[in-house]
Amino acid sequence: EKEVKYGQITELPRQDDAMKKWRSNRFGQFIHWGLYAIPGGVWKGKTYEYAAEFLKSSAGISTATWDSLQYQFNPIKFNAMAWAKMAKAMGVKYATITTKHHEGFCLWPSEYTDFDIENTPYGKDLLGEFIEAYNAEGIDVSLYYSVLDWHHPDWRYKLNSEEDKEAFERLKIFTKNQLLELLDRYPTVKGLWFDGTWDQCWKDNGQFSYELEKKLKEKHPGLVVNSRMRADEYGSRHFDSNGVLMGDYESGYERRLPNPWDIEVTKNDWECCMTIPENQWGYHKDWTLTHIKTANELIEMLVQCTSQNGNFLLNFGPTGEGDFREEEVKLAKEIGDWMDDNSSAIYNCGYAGLKKQGWGYFTQNNDSETTINMVVFNKPINGKYRVKLNKGSVIKKAYLLSKPDKALDLEEISNGEYFIEAKKVKTKDPFVIIIELENKD
Ligand SMILES: C#C[C@@H]1N[C@@H](C)[C@@H](O)[C@H]1O
């Protein structure tokens with residue numbers, strides 16, 4: 001064990017109300033919006049296949065040219081309430097929006113830079129409108145903030161000289177000021193989602209990120225911070241040099257999920273953030289470049305995350321005009337229709353502590369020891385679903401969530417192991433079987 005002075009701040013897993021709410025939310029909407037939405041992955045007639053929010057580097061565009069996009073940013077179709085209603089109908093309980101991505105453009109009027117929404121044709125506090133509209137729909141809002149800032153003259157990837165160090169000291173003050181400003185301006189926000197913390201400059205500043213997390217949490221009680229914010233004094237990120245998780249939940253699952261059988265991951269809170277195309281966070285004009293995930297694929301990812309004590313943050317990339325592409329609107333509707341009937345297996349649910357079977361995923365309601373959800377994606381050809389419960393567990397009854405009055409046939413295989421028979425399930429969608437256990441005491 002190394003002596004780590006600047007590692008974990010809050011003992012995990014947190015059991016305060018703010019974290020319990022974060023945990024019960026399970027399903028969130030990620031919004032990536034900025035100047036990159038204007039070119040949408042195309043520059044001077046050439047389509048760049050890499051992530052659209054990286055177009056500046058993919059196309060080798062100068063900072064001066066890129067930054068001039070701010071004078072074109074005028075999302076006339078932006079309607080925060082319409083966005084919030086779409087998110088509500090989709091079934092998300094929280095939303096995380098980019099306040100500033102790597103380009104450095106701020107969606108709020110910041111007193112620390114002119115490279116912000118105030119200096120655009122739009123002019124208004126877009127971030128404030130978003131937060132107000134989503135909160136009005138009962139959706140918690142967290143703020144994504146990129147430490148990496150391509151616009152800021154004091155950003156340095158590595159600190160190779162005294163000049164670099166002096167510049168980065170100014171960058172650190174700017175970063176702290178902007179984060180305190182965001183919490184001042186938007187007191188209802190529930191969390192901060194840090195990104196762009198992979199460079200040596202940040203890994204060399206573990207004490208700073210430690211003290212910054214402490215300061216932000218003192219200012220904003222209950223604040224939930226992702227592990228991506230932190231490095232310890234040895235440069236170890238997410239987990240300190242002794243493998244102890246920093247921040248409040250693990251946020252390393254970007255466009256990937258753990259192995260569905262992985263038990264280790266269930267020990268911490270964690271969140272997977274996911275794109276609908278293979279790798280586009282910002283709006284890209286051409287969605288024919290890669291596979292576009294279907295509603296069933298995305299629902300299965302949400303269910304898998306829930307089954308392993310994780311949250312699922314699904315990304316949407318609004319256009320430069322402020323609306324969503326039709327594929328996103330359609331997916332939001334399809335997912336929302338499924339959530340209308342099945343969200344009881346998601347909200348306030350988590351790891352059931354049971355061996356995963358081939359038909360799908362178990363989730364356990366956090367408020368009921370005796371109610372277990374089986375979310376089915378693969379119907380067995382004999383219509384019999386194997387469940388291996390804890391020794392001594394006895395099933396009182398099992399039934400389809402959609403048909404609670406019709407008990408399903410059970411066949412006990414051995415102590416705590418059963419086949420549940422559900423032969424006549426017609427739906428082509430994932431569906432839920434509820435197991436009610438006998439109360440042991
Ligand atoms: C790489 C990278 C960034 N991390 C994801 C969450 C997106 O913001 C992407 O641009």
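Numbering of residues begins at 1 and proceeds along the displayed sequence. Every number for a ligand or one of its atoms is a count from 1 in the order of the listing. Here the structure is a predicted model, which is why all the values come from computation and not from measurement.
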Visitor: Report the part of Thr98 in contact with ligand 1, treating N, CA, C, O as backbone and CB onward as side chain, heavy atoms under 4.0 Å; options are side chain, backbone, both, neither.
Guide: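 None of Thr98 does.
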Visitor: With the threshold set at 4.0 Å, does a side-chain nitrogen-carboxylate oxygen contact exist between Glu328 and Arg325?
Guide: no
Visitor: Which residue holds the protein heavy atom closest to atom 3 (C) of ligand 1, what is that atom called, and what is the gap in Å?
Guide: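 Atom 3 (C) of ligand 1 sits closest to the protein heavy atom Asp195 OD2, 3.3 Å.
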Visitor: Within this structure, what is the OH-CE distance for the pair Tyr347 and Met339, rounded to the nearest 0.5 Å?
Guide: 3.5 Å
Visitor: Tell me which one of Trp281, Trp66, Trp150 satisfies ring-ring contact (aromatic ring centres under 6.0 Å, His included) with His102.
Guide: Trp150
Visitor: With heavy-atom distances below 4.0 Å as the criterion, list the atoms of ligand 1 near His101.
Guide: 7 (C), 8 (O), 9 (C), 10 (O)
Visitor: Just list the side-chain donor-acceptor pairs under 3.5 Å for residues 127-134, sequence neighbours left out, or say none.
Guide:
| unit_1 | atom_1 | unit_2 | atom_2 | d |
| --- | --- | --- | --- | --- |
| Glu129 | OE1 | Tyr122 | OH | 2.5 |
| Glu129 | OE2 | Tyr122 | OH | 3.4 |
| Tyr134 | OH | Gln29 | OE1 | 2.7 |

Visitor: One thing to verify: whether Glu278 and Arg255 come together as a salt bridge, which I'm taking to mean a side-chain N less than 4.0 angstrom from a carboxylate O.
Guide: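 Glu278 and Arg255: not salt-bridged.
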Visitor: Considering non-hydrogen atoms of the protein only, which is the closest contact for atom 7 (C) of ligand 1, and what is the distance?
Guide: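 Protein heavy atom at minimum distance: His32 NE2, 3.3 Å.
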Visitor: Please list, one pair per line, the donor and acceptor atoms closer than 3.5 Å that link side chains of residues 173-185 to other protein atoms, with sequence neighbours excluded.
Guide:
| unit_1 | atom_1 | unit_2 | atom_2 | d |
| --- | --- | --- | --- | --- |
| Thr175 | OG1 | Leu171 | O | 2.9 |
| Asn177 | ND2 | Ile173 | O | 3.3 |
| Gln178 | OE1 | Lys100 | NZ | 3.4 |
| Gln178 | OE1 | Tyr145 | OH | 2.7 |
| Gln178 | NE2 | Ser110 | OG | 3.3 |
| Glu181 | OE1 | Trp108 | NE1 | 2.9 |
| Glu181 | OE1 | Ser110 | OG | 2.7 |
| Glu181 | OE2 | Glu111 | N | 2.7 |
| Asp184 | OD1 | Lys219 | NZ | 2.7 |
| Arg185 | NH2 | Asp125 | OD2 | 2.9 |

Visitor: What is the nearest protein non-hydrogen atom to atom 5 (C) of ligand 1, stated with its residue, atom name and distance?
Guide: Glu254 OE2, 3.3 Å
Visitor: Near Tyr144, which atoms of ligand 1 are under 4.0 Å from a heavy atom of that residue?
Guide: 8 (O)
Visitor: What protein heavy atom sits nearest atom 10 (O) of ligand 1, and how far away is it?
Guide: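 Result for atom 10 (O) of ligand 1: Glu53 OE2, 2.8 Å.
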